[in-house]
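See below for the structure under consideration.
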Amino acid sequence: MHYTDKEQPEGNPMTLWLSSGLIFTFAAIALILYKWWDMQCIGVTPVRTLTFIAILFTSGLDVGLIMFPLTEFGGYGDLSASPEYGFANPLAIEFGFWAFLIWGFYFLTCFYFAIIEPRVKFFEIPLVKLVNNVVIIGTCAFTAYLLLVNLPWYLPQLGDGESVVPAFYVIVFLSIALAVYSSSKIKYVRILSIGSSILFIALIVGMWFRAFVLGKGSPGDFFGTAGMLGEYFANIHHFVLPINDYHAFYLFWWFAWSIMIGQFTARFVSGIKTWQLLIAMLVVPSIAIGVWFSVLYYYHAEGLKIAAFTNIAMISVGVLMVVNSLDSLIRLYTDNLNLTAQRLGRVNYVIFNLVAMIGLTMLFQLDFLRIQWVGALVIALYFACFVYILARKREAVAAIKASPKENILDFRKIELAG
């Protein structure tokens, strides 16, 4: 989510719209927990809880998690240029932009699509379905675009460190191609997600070992660095509304992702209770992010250089996360539009989606589209859905006591899915 000034939210109306969306989101989460705290949640194609968490984590993040902190810690620590960050240390600020509270967006949409949408069918309304797919396709292309424009920083050895060279287009197009192919069968998502999670853990362990065992640091230094995250929780109220335009951009980006990740992950919910789903979606990913950011911040604070091999490993894991994200989004909009591999044939499916994604990625490159518009559109969908429920489906939603009857806790269904 590295971006330039031209991509920042424009003016107070956007900030006001964003703030209203945030307040509504947190209020809706509180209402869900109050009404359905102990209800069992089962998806259409349930998987075991650890697999569900792996799918959530790898689908809901991209290469920015791997690389951006090293570019951002310095900015958060420069209080002369950005005094609004003075309430917490740079590690806590970075954590607040990526973890914990904002994962509540995913919890809200996942719960809605698993439990409430089957009774409401708001997203089956033709206009809503169209807008929803525009959001999904636009955000999918923006994910590939972010990888493209940031590759010069990730791989300066392939260019001058600033311009996008042909090799970078090849990397992005191959990532899109792999994601399109893997999205053609739903069983691939488990392999891709678990594999990415294992590689990410291996990356964390490797960099931790180099810094705190082979380097000058000690395991105690790691815990000292990780302890700095406490300032996030002591100042969590600062993250409820936008701190500045940069934070607002992140929040719009999270909103843009939320409605799609909710739709995608809802099908895999593993039969856990609502409160356990909240923990699985807020706490568990945040622990992994907190550990990773603590390791990166120690490298930043101590001026440790990232070895060439480590840099390649970071980029590889980051690109694999992009593939995971694109896979989930492509699968989602092709299912919604009935453009599945089963209907089109795998070859036609791959060609169609590859051309579409490359074309849209180039539109972002031309500054024809902006992710803030997508995030603002998602907030509008949140409000419209709430009004629709109040007007037409209030009794049906109030009567919900369990997951939809057709959702059975059978972990073998994923093997039988197309």
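Small disclaimer: the values here were computed from a predicted structure and weren't measured.
- Relative orientation of the Trp103 and Tyr106 rings is perpendicular, given thresholds of 30° and 60° on the angle between their planes.
- Side-chain contact between Arg343 and Leu339 is present, with at least one heavy-atom pair separated by less than 4.5 Å.
- Side-chain contact between Phe57 and Met281 is absent, with no heavy atoms from C-beta onward closer than 4.5 Å.
- Checking side-chain atoms of Glu84 against main-chain N and O of Ile243 turns up no donor-acceptor pair under 3.5 Å.
- Taking a 6.0 Å sphere around CZ of Phe383, one finds it holds more than 12 heavy atoms contributed by other residues, nucleotides or ligands.
- Counting non-hydrogen atoms of neighbouring residues, nucleotides and ligands closer than 6.0 angstrom, the CD atom of Glu406 exceeds 12 such neighbours.
- Using a 4.0 Å cut-off between charged side-chain N and carboxylate O, Asp335 and Arg267 make a salt bridge.
- Using modelled atom types, one side-chain atom of Asn244 and one backbone atom of His247 make a donor-acceptor pair closer than 3.5 Å.
- Checking Ser182 against Asp327 by side-chain atom types alone, a donor-acceptor pair falls below 3.5 Å.
- With sequence neighbours left out, the side-chain contact (heavy atoms from CB on, under 4.5 Å) criterion links Tyr388 to Val120, Phe122, Ile125, Arg392, Lys393.
- Looking at Tyr382 and Ser258, their side chains do bring a donor and an acceptor atom within 3.5 Å of each other.
- Counting heavy atoms from C-beta outward, Val269 and Pro46 have side chains that stay 4.5 Å or more apart.
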**OP:** Walk me through it: do Tyr333 and Asn353 pass the test side-chain hydrogen bond (donor to acceptor under 3.5 Å, both in side chains)?
**Re:** CA-CA 10 Å; Tyr333 77 71; Asn353 284 290; 2.6 Å; yes

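- Annotation: side chain of Lys273 is not in contact with side chain of Cys41 (no heavy-atom distance under 4.5 Å).
- Inter-residue side-chain proximity for Ile29 and Phe26 is flagged as met; some heavy-atom pair is nearer than 4.5 Å.
- At least one donor-acceptor pair closer than 3.5 Å links the side chain of Trp36 to the backbone N or O of Ile400.
- In this structure, Thr109 contributes its side chain and Phe105 its backbone to a donor-acceptor pair below 3.5 Å.
- A donor-acceptor pair is defined here as one N or O able to donate and one able to accept, closer than 3.5 Å; such a pair exists between the side chain of Thr334 and the backbone of Arg331.
- Atom CD of residue Glu94 and atom OH of residue Tyr297 lie 11.0 Å apart, to the nearest 0.5 angstrom.
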**OP:** Decide yes or no on ring-ring contact (aromatic ring centres under 6.0 Å, His included) for Trp292 and Phe200, but give the supporting numbers first.
**Re:** CA-CA 9 Å; Trp292 172 241; Phe200 180 55; 5.6 Å; yes

**OP:** For the pair Val374 and Phe255, evaluate side-chain contact (heavy atoms from CB on, under 4.5 Å) and give the outcome as yes or no after the intermediate values.
**Re:** CA-CA 8 Å; Val374 180; Phe255 267 116; over 6 Å; no

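- Under the 4.5 Å side-chain criterion, counting only non-hydrogen atoms from C-beta, Leu178 is not in contact with Leu174.
- Using a distance-only test at 3.5 Å, with no hydrogens or angles considered, a donor-acceptor pair links the side chain of Thr274 to the main chain of Met39.
- At most 12 non-hydrogen atoms from other residues, nucleotides or ligands lie less than 6.0 angstrom from CG of Leu50.
- Under 3.5 Å, the side chains of Tyr349 and Gln342 contain no donor-acceptor pair of N or O atoms.
- To the nearest 0.5 Å, atoms CD1 (Ile261) and CG (Leu329) are separated by 5.5 Å.
- Taking the six-membered ring for Trp and thresholds of 30 and 60 degrees, Phe97 and Tyr246 have ring planes inclined between 30 and 60 degrees apart.
- Minimum heavy-atom separation, Ala288 to Ile204: O-CD1, 4.2 Å.
- Summarising the geometry, atom CD1 belonging to Ile66 is positioned 11.5 Å from atom CG belonging to Asn311; distances are rounded to the nearest 0.5 Å.
- The two residues Ile116 and Ile389 make their nearest non-hydrogen contact at CG2-CD1, 4.3 Å.
- Taking 4.5 Å as the limit, some side-chain heavy atom of Phe73 sits within range of a side-chain heavy atom of Pro69.
- Lys129 contributes a side-chain N or O that, together with a main-chain N or O of Asn336, makes up a donor-acceptor pair within less than 3.5 Å.
- In terms of heavy atoms, Ser294 sits closest to Gly290 at OG-O, 2.7 Å.
- Considering only heavy atoms from C-beta on, Met314 comes within 4.5 Å of Leu296 through its side chain.
- In this structure, Leu79 and Tyr76 approach most closely via the heavy-atom pair CD2-O, 3.9 Å.
- Listed by chain and number, the residues in a side-chain contact (heavy atoms from CB on, under 4.5 Å) with Ile23 are Leu241 (sequence neighbours excluded).
- Minimum interatomic distance between Leu22 and Pro242 (heavy atoms only, all atoms of both residues): CD1-CD, 3.8 Å.
- Distance CD1/Ile330 to OG/Ser184: 10.5 Å, rounded to 0.5 Å.
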Subject >> Candidate pair Ser80 and Asp78, rule side-chain hydrogen bond (donor to acceptor under 3.5 Å, both in side chains), full reasoning >> reply: CA-CA 6 Å; Ser80 60; Asp78 185 2; 2.7 Å; yes

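- With rounding to the nearest 0.5 angstrom, the OG1 atom of Thr25 is 12.0 Å from the CD1 atom of Ile102.
- A ring-ring contact (aromatic ring centres under 6.0 Å, His included) with Phe239 is found for one member of Phe95, Tyr250, Phe87 and no other, namely Phe87.
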**OP:** Determine, stepwise, if the pair Ile32 / Trp37 fulfils side-chain contact (heavy atoms from CB on, under 4.5 Å).
**Re:** CA-CA 7 Å; Ile32 286 172; Trp37 173 263; over 6 Å; no

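- Using a 30° and 60° split on the angle between ring planes, Phe233 and Phe100 fall in the perpendicular class, above 60°.
- Of all heavy-atom pairs spanning Met207 and Ile306, the tightest one is CE-CD1, 3.7 Å.
- Of the inter-residue distances, the one linking Leu326 atom CG with Met321 atom CE reads 13.5 Å to the nearest 0.5 angstrom.
- The backbone N or O of Val317 lies less than 3.5 Å from no partner atom in the side chain of Ser196, so there is not a single donor-acceptor pair.
- Using cut-offs of 30° and 60° on the angle between ring planes, the pair Phe142 and Tyr145 is tilted.
- Within a 6.0 Å radius of CZ in Arg48, other residues, nucleotides and ligands contribute 12 heavy atoms or fewer.
- Each side-chain hydrogen bond (donor to acceptor under 3.5 Å, both in side chains) pair with one or both residues in residues 223-232, not counting sequence neighbours, appears once here: Asn89-Glu231.
- Aromatic ring pairs are classed by plane angle as parallel below 30°, tilted from 30° to 60° and perpendicular above 60°; the pair Phe268 and Phe264 is perpendicular.
- Listed for the Trp17 side chain is a donor-acceptor partner under 3.5 Å among the backbone atoms of Ala376.
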**OP:** Evaluate the criterion side-chain contact (heavy atoms from CB on, under 4.5 Å) for residue pair Gln263 and Ile136; output intermediate values, then yes/no.
**Re:** CA-CA 10 Å; Gln263 290 173 74; Ile136 295 169; 4.1 Å; yes

**OP:** Step by step, work out the side-chain contact (heavy atoms from CB on, under 4.5 Å) result for Ser286 and Trp98.
**Re:** CA-CA 8 Å; Ser286 295; Trp98 282 93; over 6 Å; no

